[in-house]
Amino acid sequence: MKKNIFTVGPSQLYPTAKKHIKKALDQDITSMLHRGDDFHSLFTSTTESIRSFLKVPKTHSIYYLSSATECMERTLESCVHKECLHIVTGAFGKKFFDMAKDLNKHATHVEIEDNFEKSLNSIKVPKKTELIMLTQNDTSTGAWIPTKYIEKIKTKYPDKLVAIDVVSSAPVVDINFSKTDITLFSVQKGFGLPAGLGVLIVSPQAESKAQLLRKTKKIPQSYHSFYYLKKYSDKFQTFETPNVLNLYLLKHITNDMMKKGAKKLETLTNKKAQKLYQYIEKSKIVTPVVEEKNFQSQTTIVVSVKGGSKKLLEFAKKKNMYIGAGYGPEKNNHIRIANFPSHTNKQISDLIKVLGDFEKEQVKAS
Ligand SMILES: *Cc1c(COP(=O)(O)O)cnc(C)c1O
């Protein structure tokens, strides 16, 4: 029986992914030489697809790394000499803040758990800050930062670099590339692909900063520093032997999604989210972790479960529904539901029915 996979990452494959994987194997894509013409053409067409789908301006570079985590680490290495500020709305934001400290950066952070509107509007960025990092959708809490707040920060602090993590919201999130210098994501969440590929989108301002640091501060240049990413990308290549299969799949999935239409995907995703939140509002056993509606995630819905999440997860599993447990210390208290383009309207309706059945059983038992 086909599983309904609502875990937030890796998540359910996009409906056409299996077909493309089979095709790739038939065509021996996995043996493609990464210095040859075929790769040149794959690299170029994948990049063109991403650029057109996400509306990335020509001025911005698109690079391929191994994961979103790597994209973040390389950003900190290449663009920050000392000072960075992390806006933390959950465990992923916290992880990147810790990563900056591990890299010996002088990292500071602002933690936001509620009062999102006021807190985001009153962020004070220290003069010395070089880069501001935001997790647009924090997958641990389901906290979503609408684009306008990111735009406001860049407008107020145009000389600082702004980096956003859109791992669990891309491709169904509006990104204003004129107000964002670094955009990073991996493909095993919203794109519905196997893990093992990170995408990093870089503005000219960030590129210049990386060049300046390389020249004047002589910071170490790892193989995925912005310098080498650009050097190889200019030749339509990567430094290392890349994940050719995933690049191939990313191109085809992106094209499939484009055929559906970016706007339509977003509308469908929001409709499914609305259905889920409507159920949650009525439910007597689950409550959203983020209370303010404008800051509730459309793609990863996180709720706490009265009496703990374990029984619910087991109940759903028996009905062939695989829901994510809470993140870290909240493992047994929360559940996390992925609502990506891969998840159909029917799957979400079926899930809501299962959640309702569980609730009835709980009420009866109590
Ligand atoms: C999953 C996730 C990451 C990490 O992605 P990897 O591809 O595993 O490196 C980073 N940020 C957010 C918000 C995530 O959901």
Side-chain angles (χ1 to χ4, degrees), residues 5-14 50 63-77 84 86-100 102-103 109 111-112 116 131-147 150 162-173 175 180 182-201 222 224 242-243 245-247 249-250 253 269 273 289-290 295-302 323-328 330-331 334-343:
I5 304 172
F6 295 102
T7 49
V8 290
S11 193
Q12 184 170 286
L13 287 180
Y14 194 68
I50 290 287
Y63 299 131
Y64 304 101
L65 294 85
S66 67
S67 66
T69 307
E70 198 204 353
C71 292
M72 189 63 239
E73 194 175 81
R74 302 316 189 194
T75 297
L76 290 166
E77 275 178 357
C84 49
H86 296 254
I87 315 297
V88 175
T89 54
F92 286 94
K94 173 78 172 32
K95 211 180 207 172
F96 292 142
F97 169 51
D98 291 340
M99 181 186 264
D102 281 340
L103 290 171
H109 78 301
E111 201 161 349
I112 306 178
F116 283 86
L131 176 128
I132 307 158
M133 173 75 209
L134 297 109
T135 311
Q136 190 274 323
N137 184 60
D138 202 300
T139 321
S140 67
T141 51
W144 175 280
I145 303 180
T147 311
I150 298 166
V162 170
I164 59 167
D165 168 347
V166 293
V167 176
S168 55
S169 50
V172 283
V173 58
I175 303 163
T180 310
I182 315 274
T183 305
L184 61 96
F185 61 89
S186 42
V187 299
Q188 73 277 16
K189 295 181 184 171
F191 280 87
L193 286 175
L197 184 67
V199 180
L200 178 68
I201 305 174
S222 64
H224 275 173
N243 189 336
L245 176 61
N246 240 344
L247 281 170
L249 296 173
L250 180 60
I253 293 297
T269 304
V289 170
V290 171
F295 300 91
Q296 285 174 340
S297 175
Q298 299 297 296
T299 49
T300 57
I301 286 101
V302 185
I323 304 173
Y327 189 90
E330 301 295 352
K331 187 173 193 292
H334 296 171
I335 57 164
R336 295 182 297 156
I337 302 168
N339 172 38
F340 296 143
S342 309
H343 300 100

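Indexing begins at 1, ligand by ligand and atom by atom, following the structure's order.
With a 4.0 Å cut-off on non-hydrogen atoms, Thr300 does not touch ligand 1 at all. Using a 4.0 Å cut-off between heavy atoms, Thr69 contacts ligand 1 through both its backbone and its side chain. If you look at Lys189 next to ligand 1, the close heavy atoms, those under 4.0 Å, all belong to the side chain. At a heavy-atom distance under 4.0 Å, atoms from both the backbone and the side chain of Ala68 approach ligand 1. For Gln188, every heavy-atom contact with ligand 1 shorter than 4.0 Å involves the side chain, none the backbone.
Contact annotation: Gln136 has no heavy atom less than 4.0 Å from any atom of ligand 1. Distances shorter than 4.0 angstrom do not occur between any heavy atom of Asp138 and any atom of ligand 1. Asn137 counts as a contact of ligand 1, since one of its heavy atoms falls under 4.0 Å from the ligand.
The nearest heavy-atom contact from the protein to atom 11 (N) of ligand 1 is Asp165 OD2, 2.6 Å. Atom 15 (O) of ligand 1 has Thr139 OG1, 2.4 Å as its closest protein atom, hydrogens excluded (heavy atom only).
Taking OH of Tyr63 as the start and CD1 of Ile201 as the end, the distance is 11.5 Å to the nearest 0.5 Å. The distance from atom CE of Met99 to atom NZ of Lys94, rounded to the nearest 0.5 Å, is 12.5 Å. Note: Leu247 CG to Leu193 CG = 10.5 Å, rounded to the nearest 0.5 Å.
At least one N or O atom of Ser186, backbone or side chain, sits closer than 3.5 Å to an N or O atom of ligand 1.
Minimum interatomic distance between Thr299 and Trp144 (heavy atoms only, all atoms of both residues): OG1-CZ3, 3.7 Å.
Under the 3.5 Å distance criterion, with hydrogens and angles disregarded, a donor-acceptor pair is assigned to the side chains of Thr300 and Ser297.
Separation of the His343 and Phe6 ring centroids falls under the 6.0 Å cut-off.
Remark: Lys189 qualifies as a cation-pi partner of Phe92 under the 6.0 Å distance and 45° angle criteria applied to the six-membered ring.
Taking the six-membered ring for Trp and thresholds of 30 and 60 degrees, Phe295 and Phe116 have nearly parallel ring planes, at less than 30 degrees apart.
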